[in-house]
Peer 1: 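One structure is given below, represented as structure tokens, and several questions about it will come after.
Here the structure is a predicted model, which is why all the values come from computation and not from measurement. Here is how names work: the chains are called A, B, and so on, in the same order as the sequence lines, proteins then strands, and each is numbered from 1.
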Number of protein chains: 2
Amino acid sequence: MQNQDIEIVVIEDEEDILELLEYHLSKAGYSVTGFLSTEHVERFLEEENPALMVVDRNLPGVEGSEFVAYLRDEGYDIPVIFLTAMDQGKDLEEGFTSGGDDYMTKPFNPKELLLRIDALLRRSGVRKSDRVKYRDMVLDTKQHLLTIEGNPVELTNLEFRLLYTFVKNPHQPLDRDFLRDEVWGDDSASFHDKTINVAMNRLKKKIDPSGEKEYIVPVWGVGYKLV
Amino acid sequence: MQNQDIEIVVIEDEEDILELLEYHLSKAGYSVTGFLSTEHVERFLEEENPALMVVDRNLPGVEGSEFVAYLRDEGYDIPVIFLTAMDQGKDLEEGFTSGGDDYMTKPFNPKELLLRIDALLRRSGVRKSDRVKYRDMVLDTKQHLLTIEGNPVELTNLEFRLLYTFVKNPHQPLDRDFLRDEVWGDDSASFHDKTINVAMNRLKKKIDPSGEKEYIVPVWGVGYKLV
DNA sequence: TAGTTTGTAACCGAATTGTTTCCAAGTTAT
DNA sequence: ATAACTTGGAAACAATTCGGTTACAAACTA
């Protein structure tokens, strides 16, 4: 799921609406943290670094827009979508000038909220567009990060490039010449036979220490293939 | 006027609405270029590099959303606000999934459109706020001042620009080529290997003398990233 | 000119990558 | 079926690459 590991904060004082929001966002794959007031939110922001906030405009105590204006002043650049009960012109203006990115009126259409969240995440650069998936592996080429079943797996540069060429060409045996060209490139001159073997084995050990997943299998006399 | 020199493209086939849009946007200080169809827009984008587009969803010939999807595919990342005659759920979804950033229904409230344009410009980095926060660091770009936990930290010009590029691109490994382009710019000619290393280490030492905060970590074989 | 900032160079240590050797498993020939 | 042969895997070792550190020189500022 592409929304996995994206954290969203919701601030809403009406408990049933908060629950509804949490339900829809969770269902879309986001991890959601709800607050009934702005009280402990700043502390949370310092520690967690969530990707986006959905904020009710009318909160008890500190106004939603006031709070966001304060955060902006402090230097927080987190994307904010305001929710409000009515569509008053004054409200709208205050929402945007206080530093909000978008504005929706209640009762909100969940579908639209999700679309707007998605657009805002895209624009603010949270969505890492260049991800490649294979079975339970996710390669984030921008972040140089591999996760297996959601857990990060440490790979070296070479190993990452190697795995990437396999994920790009699944199910087909890649011979050693191809791998050498693709991964090692020009450094082809003077190249020991077993270099690729050793590199492959190190990679296989890292992505499948127990050897039970069988992501990559040798093809005798040819090379390797991603099953 | 803060909107001076910001270029906005409007694509709208109904001439009177186009004029109305041009009027409101010009009054707000933007320089506006209107088109009655998508026809010559791409050529214009190639030459001018406007900051934002306002696009009617229902255009003769190529659909507005289709056109934007095409542009996105071509690699154009320009912010887009869609206008549509009716608020159909299908329309809305198509607007966002084709790569739009915001969506308004006609008849639109000019005030709201201006607010949304402003918010989107802010978010897409056209307007840069002069305070940026990351964890307990606050960078004041106006004053070239950094505070950590409220305490001022002395940075040189270079170090400040360096840290700023990291705060602008958090969580991403920034490779040395990128940093060189971004921070050092044209002086790329004759550039010692270790220059970036040394600069990075000087910066790291200043923002985290004890090395316990781990703001910036090296990514082996790639560069550095702000955690 | 004095003082600060920034780039260069040399060196060190750690992480990564390549080489070698030996062994196991698959393939082929007898 | 078994021996000879070929290829892949494992482990230890060596070489290389890369980042960190320091000292020093050049460039820049006040």
Peer 1: Write down the atom of P50(B), the atom of V9(B), and the distance for their closest heavy-atom approach.
Peer 2: CG-CG2, 3.6 Å
Peer 1: Whole angstroms only, please: what is the CD1-P distance between I196(B) and dG19(D)?
Peer 2: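 The answer, rounded to whole Å, is 10 Å.
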Peer 1: When you compare the protein's N or O atoms with those of nucleotides 25-28 of chain D, which come within less than 3.5 Å of each other, and at what distance?
Peer 2:
none

Peer 1: With sequence neighbours left out, what residues match K194(B) under salt bridge (charged side-chain N to carboxylate O under 4.0 Å, His left out)?
Peer 2: none
Peer 1: What bend angle does the helix from dT1(C)-dA30(D) to dT30(C)-dA1(D) show across its length, from five-pair end axes and to the nearest 10 degrees?
Peer 2: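 Inter-axis angle at the termini of the helix from dT1(C)-dA30(D) to dT30(C)-dA1(D): 40°.
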Peer 1: Who pairs with T147(A) by side chain to side chain donor-acceptor pair (under 3.5 Å), at least two apart in sequence or on another chain?
Peer 2: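 Side chain to side chain donor-acceptor pair (under 3.5 Å) check on T147(A) returns nothing, list empty.
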Peer 1: Is R57(A) salt-bridged to E63(A), cutoff N-O under 4.0 Å?
Peer 2: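 Looking at E63(A) together with R57(A), the answer is yes, because their closest N to O distance falls below 4.0 Å.
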Peer 1: Quick one: D193(A) CG to dC22(C) P, roughly how many Å, whole number?
Peer 2: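 Rounded to whole Å, this separation is 17 Å.
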Peer 1: Which comes earlier along DNA chain C counting from the 5' end, the contact point of E159(B) or that of V198(B), where each point is its nearest nucleotide?
Peer 2: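 Here E159(B) is the residue nearer the 5' end.
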Peer 1: Which letters describe nucleotides 2-9 of chain D, given B = protein heavy atom under 4.0 Å from base, S = only from sugar-phosphate, - = neither?
Peer 2: ----BBBB
Peer 1: So, is T195(A) near the phosphate of dT19(C), with a side-chain N or O under 4.0 Å from OP1 or OP2?
Peer 2: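 So the side-chain polar atoms of T195(A) do come within 4.0 Å of the phosphate oxygens OP1 or OP2 of dT19(C), strictly under.
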Peer 1: What's the CZ-P distance between R202(A) and dA11(D), to the nearest Å?
Peer 2: 12 Å
Peer 1: Using the rule given for side-chain contact (heavy atoms from CB on, under 4.5 Å), can you reason through L179(A) versus E182(A), listing the C-alpha separation, both sets of side-chain angles and the distance that settles it, and then say yes or no?
Peer 2: CA-CA 5 Å; L179(A) 290 172; E182(A) 199 79 357; 5.6 Å; no
Peer 1: Using the test side-chain contact (heavy atoms from CB on, under 4.5 Å), find all partners of Y23(A) that sit at least two apart in sequence or belong to another chain.
Peer 2: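 Partners of Y23(A) under the side-chain contact (heavy atoms from CB on, under 4.5 Å) test: K27(A).
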Peer 1: Using a 3.5 Å cut-off and no angle test, enumerate the donor-acceptor pairs between side-chain atoms of residues 161-171 of chain A and protein atoms at least two apart in sequence or in another chain.
Peer 2:
from: R161(A); atom 1: NH2; to: V183(A); atom 2: O; distance (Å): 3.3
from: T165(A); atom 1: OG1; to: L162(A); atom 2: O; distance (Å): 2.7

Peer 1: When the aromatic ring centroids of Y70(A) and Y76(A) are compared, is their separation below 6.0 Å?
Peer 2: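 When the ring centroids of Y70(A) and Y76(A) are compared, they turn out to be at least 6.0 Å apart.
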Peer 1: Of all of residues 165-173 of chain A, which get a heavy atom below 4.0 angstrom from DNA chain D, listed by number?
Peer 2: none
Peer 1: By salt bridge (charged side-chain N to carboxylate O under 4.0 Å, His left out), which residues pair with R127(B), not counting sequence neighbours?
Peer 2: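 For R127(B) the salt bridge (charged side-chain N to carboxylate O under 4.0 Å, His left out) partners, ignoring immediate neighbours, are D118(B).
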Peer 1: Please state how far atom CG in L162(B) lies from atom P in dT5(C), giving the value in whole angstrom units.
Peer 2: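 My rounded result for the distance is 15 Å.
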Peer 1: Between atom NE2 in H192(B) and atom P in dC18(D), what is the gap in whole Å?
Peer 2: 14 Å
Peer 1: Does the distance from a Lys or Arg side-chain N to an Asp or Glu carboxylate O, for E46(A) and R135(B), drop under 4.0 Å?
Peer 2: no
Peer 1: Pick the nucleotide of DNA chain C nearest each of A199(B) and K206(A); which residue has the one closer to the 5' end?
Peer 2: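 Nearest-nucleotide comparison on DNA chain C picks A199(B).
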Peer 1: What is the distance, to the nearest angstrom, from the NZ atom on K205(A) to the P atom on dT16(C)?
Peer 2: 17 Å
Peer 1: Could you list the residues that satisfy salt bridge (charged side-chain N to carboxylate O under 4.0 Å, His left out) with D77(A), not counting sequence neighbours?
Peer 2: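 D77(A): salt bridge (charged side-chain N to carboxylate O under 4.0 Å, His left out) contacts with R123(B).
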Peer 1: Side-chain N or O of W184(B) less than 4.0 angstrom from OP1 or OP2 on dT6(C)?
Peer 2: no
Peer 1: Regarding D193(A) and R176(A), does a basic nitrogen lie under 4.0 Å from an acidic carboxylate oxygen?
Peer 2: no
Peer 1: Output yes when E159(A) and R202(A) qualify as a salt bridge under the 4.0 Å nitrogen-oxygen rule, no when they do not.
Peer 2: no
Peer 1: For E149(B), enumerate each residue passing the salt bridge (charged side-chain N to carboxylate O under 4.0 Å, His left out) test, keeping only those at least two apart in sequence or located in another chain.
Peer 2: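 If we apply the salt bridge (charged side-chain N to carboxylate O under 4.0 Å, His left out) test to E149(B), skipping adjacent residues, the hits are K213(B).
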Peer 1: When you measure from every atom of DNA chain D, which of residues 151-158 of chain A have a heavy atom less than 4.0 Å away?
Peer 2: none
Peer 1: Give the C-alpha distance, both sets of side-chain angles, the deciding distance and a yes or no for side-chain contact (heavy atoms from CB on, under 4.5 Å) between I117(A) and V54(A).
Peer 2: CA-CA 9 Å; I117(A) 285 174; V54(A) 177; 4.2 Å; yes
Peer 1: Angle between ring planes, F44(B) versus F35(B), binned at 30° and 60°: parallel, tilted or perpendicular?
Peer 2: perpendicular
